[in-house]
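Remarks on the structure that follows.
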Amino acid sequence: MKELLERRFGTPGDVDVSLGNGVVELLLDHRTVRTFRPEPIDERVVRLIVAAAQSASTSANFQFTSVISIRDPARRDRLAHYAGDQQLVRDAGAFLVWVADWSRSVSIAREHGLPTRGANYLDSTISSVVDVALAAQNAAVAAESLGYGITFVGALRNRVDEVCAELELPEWTFPLFGLAIGVPAPDDPADVKPRLGQDVVLHQETYRRPDPAAIADYRERIGRYYTEQEKPADWVLDRLAWRIADKTGLHGRHTIRQSFHRQGFPLA
């Protein structure tokens, strides 16, 4: 476990490595796999992964998550196109789209003659988004524990209206991201990606601004990683600046509020 901590943070830090176990090591060893062997995953395995997802914590047991498994090659191809033409969407053994789903709860309430005004508020939408994120992370860990590689595909939100139409999503549902699961290709370069040190992320009692030296250390570590992956980049000048400068870095997602409205979410 010490080696995994060093690969992730540059130093083990003040961590009790004696408590390490298989689950913790699996989490520390996570990497994003972007090249898969074109080997389909058995539907029973997908159902097991989704069962793990459904076992995640959920706000007041409302279970706001829906999952759409995409196997049709033509539909995969269209979704890959909407997501920046990512080949991994086409090649993955399984591709799951994760949907924030208020439609189910609203429909049940209306069938019983109950009011649904509480669903109109922004916090209700946030609750569903959090539910989906927790469930999908469970699925990712379950898949990795079975020996598969995974990558989340947030780029589905680049063309979210087209994705909604493609998946025939009803009112009160919203596609948040995809999850590609599959057997990593032998030549996939995925490795443990460095993260910010815990002195930057873990705060004690109150929030504090990061130490510039800690940011500089991370910038150097992640720069080495990008170079090793044959994609040299500066985390600040190439990655952070690109995403935060203006709407260009959003790849069309700057209009996502209107897409939520079109799907029936008032966000009051």
Side-chain angles (χ1 to χ4, degrees), residues 2-13 15 25-37 79-92 95 98 133 136-137 140-141 143-144 148-160 163 176-203 208-256:
K2 182 179 177 182
E3 179 185 349
L4 288 171
L5 287 165
E6 289 174 345
R7 290 166 68 190
R8 186 70 78 187
F9 303 108
T11 172
V15 176
E25 290 182 359
L26 177 69
L27 293 170
L28 290 172
D29 198 35
H30 164 72
R31 74 280 311 280
T32 296
V33 174
R34 299 189 184 280
T35 311
F36 297 102
R37 290 178 175 174
L79 291 175
H81 174 67
Y82 298 146
D85 202 37
Q86 295 189 55
Q87 185 63 30
L88 62 88
V89 176
R90 302 180 179 97
D91 292 342
F95 188 70
W98 297 79
Q137 182 61 20
V141 174
E144 290 180 327
Y148 296 108
I150 67 99
T151 187
F152 283 102
V153 183
L156 284 181
R157 298 194 303 279
N158 293 359
R159 304 272 295 275
V160 72
V163 172
L176 297 177
F177 46 76
L179 178 63
I181 306 171
V183 179
D187 58 346
D188 185 86
D191 200 357
V192 173
K193 184 179 290 184
R195 294 287 197 255
L196 289 163
Q198 287 197 345
D199 287 346
V200 176
V201 174
L202 179 61
H203 305 259
R208 72 185 187 288
R209 296 189 178 279
D211 181 348
I215 299 299
D217 170 72
Y218 178 69
R219 191 174 177 181
E220 191 274 331
R221 287 189 292 112
I222 192 64
R224 285 202 310 268
Y225 173 87
Y226 289 143
T227 299
E228 291 166 359
Q229 295 286 305
E230 299 181 357
K231 297 178 181 178
D234 182 281
W235 183 66
V236 174
L237 299 180
D238 298 318
R239 299 302 178 95
L240 184 63
W242 160 77
R243 178 59 177 81
I244 205 171
D246 55 38
K247 67 182 182 181
T248 304
L250 290 167
H251 291 294
R253 301 182 213 180
H254 61 287
T255 62
I256 204 166

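Everything quoted here is computed from the prediction, not taken from an experiment.
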query: Does Tyr226 have any ring-ring contact (aromatic ring centres under 6.0 Å, His included) partners at least two apart in sequence or in another chain, and if so, which?
result: none

statement: Across all chains, not counting sequence neighbours, the ring-ring contact (aromatic ring centres under 6.0 Å, His included) partners of Tyr148 are none

statement: When every non-hydrogen atom of Arg208 is compared with those of Gln198, the smallest separation belongs to NH2-O, 4.5 Å

- prompt: Distance-only, no hydrogens or angles: does the Asp234 side chain make a donor-acceptor pair with backbone N or O of Gly223 under 3.5 Å?
  reply: no

task: Could you tell me which non-hydrogen atom of Val200 sits nearest to which non-hydrogen atom of Ala214, and how far apart they are?
output: CG2-CB, 3.5 Å

query: Can you find a heavy atom in the side chain of Phe95 that is under 4.5 Å from one in the side chain of Leu79?
result: yes

field: Straight-line distance of Phe36 CZ to Ile150 CD1, nearest 0.5 Å
entry: 7.5 Å

message: Using modelled atom types and a 3.5 Å cut-off, is there a donor and acceptor pairing between side-chain atoms of Arg31 and backbone atoms of Lys193?
response: no

message: Return the CG to CZ distance between Leu5 and Arg195, rounded to the nearest 0.5 Å.
response: 13.5 Å

field: Closest heavy-atom pair and its distance - Ala83, Val153
entry: CB-CG1, 3.9 Å

message: Could you measure the distance from the CZ atom of Arg7 to the CG atom of Asp29? Nearest 0.5 Å is fine.
response: 6.0 Å

query: Could you state the interatomic distance from NE2 (His81) to CZ (Arg159), rounded to the nearest 0.5 Å?
result: 4.5 Å

query: Could you give the distance from OG1 (Thr151) to CG (Leu88), rounded to the nearest 0.5 Å?
result: 6.0 Å

task: Take Asp85 and Arg90 through the test salt bridge (charged side-chain N to carboxylate O under 4.0 Å, His left out) and record every step on the way to the result.
output: CA-CA 9 Å; Asp85 202 37; Arg90 302 180 179 97; 2.5 Å; yes

With His251 via ring-ring contact (aromatic ring centres under 6.0 Å, His included) - residues at least two apart: Trp242

task: Mark yes when over 12 heavy atoms from residues, nucleotides or ligands other than Leu237 sit less than 6.0 Å from its CG; otherwise mark no.
output: yes

- request: Determine, for Arg224 against Glu228, whether the closest basic-nitrogen to carboxylate-oxygen distance falls under 4.0 angstrom.
  value: no

query: Do side-chain atoms of Asn158 reach the backbone of Gly252 as a donor and acceptor pair under 3.5 angstrom?
result: no

- request: To the nearest 0.5 angstrom, please state how far the CG atom of Leu240 sits from the CZ atom of Arg219.
  value: 9.5 Å

- request: Decide yes or no on side-chain contact (heavy atoms from CB on, under 4.5 Å) for Ile215 and Leu196, but give the supporting numbers first.
  value: CA-CA 7 Å; Ile215 299 299; Leu196 289 163; 4.1 Å; yes

Minimum-distance pair of heavy atoms, taken over all atoms of Ala133 and Phe177: CA-CZ, 4.3 Å

query: Is the side chain of Arg8 donor-acceptor paired with the backbone N or O of His30 at a distance under 3.5 Å, no angle test?
result: yes

- prompt: Quick one: are Phe152 and Gln137 in side-chain contact, heavy atoms under 4.5 Å?
  reply: yes

message: Could you report the tightest heavy-atom contact between Leu4 and Glu25, atom names first, then the distance?
response: CD1-O, 3.6 Å

- prompt: For Arg37 and Pro186, which heavy atoms make the closest approach, and how far apart are they?
  reply: NH2-CG, 3.5 Å

